[in-house]
Number of protein chains: 2
Amino acid sequence: MLKVNKLTDYAVVVLCDLLRGQALRSAADLAQSSGVPLPTVSKILKQLARTGLLQSARGVNGGYGFAKSPDGISMTEVIEALEGPIAVTGCIEDSGDCEHLHECPMSGHWNAVNVAVRRSLDEVRLIDMLPEARFMDPEDLSRVIVARHAPAMQA
Amino acid sequence: MLKVNKLTDYAVVVLCDLLRGQALRSAADLAQSSGVPLPTVSKILKQLARTGLLQSARGVNGGYGFAKSPDGISMTEVIEALEGPIAVTGCIEDSGDCEHLHECPMSGHWNAVNVAVRRSLDEVRLIDMLPEARFMDPEDLSRVIVARHAPAMQA
DNA sequence: CACAAACAGGACTAAAACAGTACAGTATCT
DNA sequence: AGATACTGTACTGTTTTAGTCCTGTTTGTG
């Protein structure tokens, strides 16, 4: 099936919600407006902050915001933030966890698949996942969203 | 990680072995020459025959061979034969197994991702996975392999 | 300074998926 | 008749995933 895990799926829902709202939002707030359970939202946001896609502010009035301009975020970044490098099989060169690697007739060949998949995901942006993306000019959409999130990025 | 399961990984090893050898090979034969355990090879081949990528012959001197010209087989076909349709999330439209589908803000959006991934896999052929593909002219490689497997396809 | 809001990190458990195996059945050739 | 080889299905132990919870740290407010 080549599935992405559920957490990543939710992450997109939550990120789109964050995209849609104001610059800095608390986990509780996002949980409520996205409908995803708070502990789960919290787990996702922590991970996204750890990998640098989001930035966080602690304390009262804290929350999460984008660490960089959200219109430049690709699905590759989102998926890799939550699942690690895109690798269709476990046999990644240099991973060293396959003791047959040097004798394996497939060595390096799945890599062509990994590269192809990765490239295709590079071309899908996070903001393309927004439902309103269907009805708006992509340029306008970017402008509106970037403007809305600029405060969080400067903080 | 966006992983393909292990069975699919082995399937490529076995299929490449079949590609490399003669037209019709038994499961036991393929298990031996590929190094993958027989029950596993058997499971893979059965599934590939069921989905029509391979064809099988029972009885003494039976075995498996390609059901169509092997140079036209893409990784999409191999992966889909073993794992079902490529769907990055469980929310495929029309699958009907998500009761929130009609209210889900993401509805239909992962589809862009599915399509992108699928297209990228369409462009990787099974014969590109052969180690010797690196050193040979693709045209020559196709010709040699197609000729070798023609008998199975006519049978 | 005490308290409340909010993030950080890690640990734990129940459920689901997967891998691998085994077995009983059917077809085919000699 | 008997050996070879595919077919279908069922079972089981292991691994992964999902989801939750708890304890600690940071920060703003009265």
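Side chains are part of it too, since the values below use all heavy atoms of this structure and drop only hydrogens, waters and symmetry mates. Residue numbers start from 1 in every chain, and the chains themselves are labelled A, B, ... in the order their sequence lines are given, proteins ahead of strands.
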Any side-chain heavy-atom pair of A/Val4 and B/Val113 under 4.5 Å: no

Nucleotide D/dT27, atom P - distance to CG of A/Leu24 in whole Å: 14 Å

Any side-chain heavy-atom pair of B/Met75 and B/Asp128 under 4.5 Å: no

Rounded distance (nearest 0.5 Å) linking atom CD1 of A/Ile86 with atom CZ of A/Arg119: 12.5 Å

Canonical and wobble pairing (Watson-Crick, G-U, under 3.5 Å) of DNA chain C, dot-bracket with |: ||||||||||||||||||||||||||||||

Distance in angstrom units between B/Ile44 CD1 and D/dC6 C1', rounded: 15 Å

Side chains of A/Arg20 and A/Ser33, donor plus acceptor under 3.5 Å: no

Presence of B/Ser26 side-chain N/O under 4.0 Å of D/dT4 phosphate oxygens OP1/OP2: no

Sugar-phosphate, base or nothing in reach of B/Ala28, heavy atoms under 4.0 Å: nothing

Reported CG-to-CZ distance for the pair B/Leu82 and B/Arg50, which is rounded to 0.5 angstrom: 10.0 Å

Residues 35-42 of chain B, side-chain donor-acceptor partners within the protein, below 3.5 Å, at least two apart:
none

At a cut-off of 3.5 Å, list every protein nitrogen or oxygen paired with a nitrogen or oxygen from nucleotides 24-26 of chain D, distance to 0.1 Å.
residue : atom : partner : partner atom : Å
D/dT25  : O2   : A/Arg58 : NH1          : 3.2
D/dT26  : O4'  : A/Arg58 : NH1          : 2.7

B/Arg143 and B/Asp140 ion-paired at < 4.0 Å: yes

Listed once per pair and sorted, the ring pair (Phe, Tyr, Trp, His ring centres under 6.0 Å) pairs that draw on residues 29-75 of chain A, sequence neighbours left out: A/Phe66-A/His149

First and last nucleotide of DNA chain C, 5' to 3', lying under 4.0 Å from heavy atoms of chain B: C/dA19 to C/dT30

Under 4.0 Å protein heavy-atom contacts per nucleotide of nucleotides 14-23 of chain D, with B for base, S for backbone only and - for none: ----SBB---

NZ on B/Lys3 to OG1 on B/Thr8, rounded to 0.5 Å: 12.5 Å

Atom pair CG (A/Leu30) and CZ (A/Arg25), whose distance is rounded to the nearest 0.5 Å: 4.5 Å

Heavy atoms of other groups near B/Glu132 CD, more than 12 under 6.0 Å: yes

Separation of B/Asp17 CG from B/Leu130 CG (nearest 0.5 Å): 9.5 Å

A/Glu77 side chain to A/Ser74 backbone, donor-acceptor under 3.5 Å: yes

